[in-house]
There are 2 protein chains.
Amino acid sequence: MFSIGDLSRHTGVKVPTIRYYEQVGLIEADERTEGNQRRYSRAGLERLGFIRHARDLGLSLDAIRALVALDPADHATTHAIAREHLADIRDRMGRLARLEAELKRIMAACDGSHDHECNILEAFADHGQCAHEH
Amino acid sequence: MFSIGDLSRHTGVKVPTIRYYEQVGLIEADERTEGNQRRYSRAGLERLGFIRHARDLGLSLDAIRALVALDPADHATTHAIAREHLADIRDRMGRLARLEAELKRIMAACDGSHDHECNILEAFADHGQCAHEH
DNA sequence: GTAATTCCTCTAGCGACTAGAGGTTCAAGG
DNA sequence: CCTTGAACCTCTAGTCGCTAGAGGAATTAC
């Protein structure tokens with residue numbers, strides 16, 4: 001049996017976060033001691049490891065909830081969740097790339113001379129110069 | 001003079017969001033009508049446009065606050081903020097790229113057959129298989 | 001003059017935690 | 001057995017950037 005601190009050390013998830021996960025119904029302590037402290041089995045430890053890893057991959061707690069509730073033989077749904085997340089990641093990468101391009105353009109707009117207002121500020125304000133749609 | 005709705009239509013920032021920006025000290029109405037409704041000048045409209053654009057670029061309200069409080073001649077600080085944000089964007093892109101690579105690896109781990117547990121679930125749980133550091 | 005629309009303030013909620021107060025239990029050493 | 005100190009407990013509130021809704025007042029168009 002592991003204490004909440006043991007779980008934290010093993011998985012790298014902070015103690016208050018573990019309690020938060022319990023609160024939102026992602027994990028449960030297998031037992032409590034006489035004095036009301038949480039005790040976890042190895043399965044509990046592994047479940048938290050799974051959650052940690054999925055979080056690191058950027059999955060929402062909702063998506064993780066769906067994943068842990070899944071029938072392990074349900075390949076279709078598992079794939080669907082993973083595919084959806086992959087699409088989401090690609091979407092975010094695309095948007096970041098556009099942001100990067102525009103920020104570079106904006107920064108190039110300032111020649112660094114000191115006798116006028118900085119074009120960066122102007123460029124930030126000027127929607128019309130902007131290449132991508134808002 | 002523009003009403004809050006006019007500002008919203010011109011900038012694409014929703015009305016409650018404009019009020020929120022006022023609450024956190026980013027903008028102010030130039031006047032109020034007899035009946036307590038906000039009225040904005042053209043300068044107010046432009047300020048909101050600036051904020052909108054900066055938000056679209058992913059800057060935090062804190063960063064925007066710093067930007068609008070800036071001396072327009074202060075090129076150094078303006079550049080510093082923009083550079084910092086650019087670095088942040090690149091950092092996020094890098095992390096997303098690693099996530100993408102690992103998700104693809106995980107998805108490849110499942111051959112799609114129906115007579116065992118899905119390797120995707122196992123791969124999610126198995127920290128050891130994971131290429132990048134958590 | 002009335003009806004539709006817009007506006008007002010205020011409070012509470014979202015996700016995923018984090019921080020702190022104030023108190024209790026556990027494990028180890030003497 | 002007893003004390004100490006670390007780890008634990010619950011509870012509340014704060015973070016960011018909004019968004020939603022209640023309940024009511026002002027403005028605008030016809």
Side-chain angles (χ1 to χ4, degrees), chain A residues 1-40 44-45 47-48 50-68 84-85 88-89 92 95 99 134, chain B residues 1-40 44-45 47-48 50-68 85 88 92 95 99 134:
Chain A
M1 285 292 159
F2 306 96
S3 71
I4 198 169
D6 292 335
L7 254 72
S8 177
R9 270 181 298 279
H10 276 93
T11 61
V13 180
K14 288 184 194 158
V15 169
T17 305
I18 299 174
R19 286 197 277 252
Y20 169 74
Y21 286 164
E22 179 179 309
Q23 199 185 304
V24 298
L26 269 175
I27 40 168
E28 243 187 316
D30 297 82
E31 310 175 0
R32 294 277 186 142
T33 63
E34 284 280 283
N36 199 34
Q37 300 196 355
R38 292 165 180 83
R39 286 301 115 101
Y40 299 89
L45 176 63
R47 187 182 175 97
L48 183 58
F50 174 91
I51 294 170
R52 171 75 211 263
H53 201 187
R55 282 297 298 141
D56 281 342
L57 288 165
L59 288 150
S60 70
L61 292 189
D62 259 7
I64 295 172
R65 223 188 307 273
L67 233 34
V68 296
E84 204 175 289
H85 187 58
D88 182 54
I89 284 176
R92 280 193 275 164
R95 268 182 290 135
L99 256 45
H134 305 324
Chain B
M1 283 293 159
F2 306 96
S3 71
I4 197 169
D6 293 336
L7 253 73
S8 177
R9 269 181 298 279
H10 276 93
T11 61
V13 179
K14 288 184 191 157
V15 168
T17 305
I18 299 173
R19 286 198 277 252
Y20 169 74
Y21 286 165
E22 178 179 309
Q23 200 185 303
V24 299
L26 270 174
I27 41 167
E28 243 187 314
D30 297 82
E31 311 175 358
R32 294 278 185 141
T33 63
E34 286 278 286
N36 199 33
Q37 299 196 355
R38 292 166 180 82
R39 287 300 116 103
Y40 298 88
L45 175 63
R47 188 183 175 98
L48 183 58
F50 174 92
I51 293 170
R52 169 76 210 262
H53 201 185
R55 281 297 298 143
D56 280 343
L57 287 165
L59 287 150
S60 70
L61 293 188
D62 257 7
I64 295 172
R65 224 189 308 272
L67 234 34
V68 296
H85 187 57
D88 182 53
R92 280 192 277 164
R95 267 181 291 132
L99 254 46
H134 306 323

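Because only heavy atoms are used, hydrogens play no part in the values below, and waters and symmetry mates are left out as well, while side chains stay in. Everything quoted here is computed from the prediction, not taken from an experiment. Proteins come first, then strands; the chains are lettered A, B, ... in the order of their sequence lines, and each starts at number 1.
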Counting only N and O atoms by type, is there a donor-acceptor contact under 3.5 Å from the side chain of B/His85 to the main-chain atoms of B/Ala63? no
For B/Arg65 and B/Val24, indicate whether the former's side chain and the latter's backbone hold a donor-acceptor pair under 3.5 Å. yes
Is any side-chain N or O of B/Thr33 closer than 4.0 Å to OP1 or OP2 of D/dT27? yes
Side-chain donor-acceptor pairs of residues 10-21 of chain B under 3.5 Å, sequence neighbours excluded:
| from | atom 1 | to | atom 2 | distance (Å) |
| --- | --- | --- | --- | --- |
| B/His10 | ND1 | B/Asp6 | O | 3.0 |
| B/Thr11 | OG1 | B/Leu7 | O | 2.8 |
| B/Thr11 | OG1 | B/Val13 | N | 3.1 |

One character per nucleotide, please: for nucleotides 5-25 of chain D, 5' to 3', B when the base has a protein heavy atom closer than 4.0 Å, S when only the sugar-phosphate does, - otherwise. ---SSB------BBS------
Inter- and intrachain pairs under salt bridge (Lys or Arg N to Asp or Glu O under 4.0 Å), touching residues 23-36 of chain B, at least two apart: B/Glu22-B/Arg32
Measure the distance from CD1 on A/Ile51 to P on C/dA16 and round it to the nearest whole Å. 12 Å
Side chains of A/Ser3 and A/Arg39: closer than 4.5 Å at any heavy-atom pair? yes
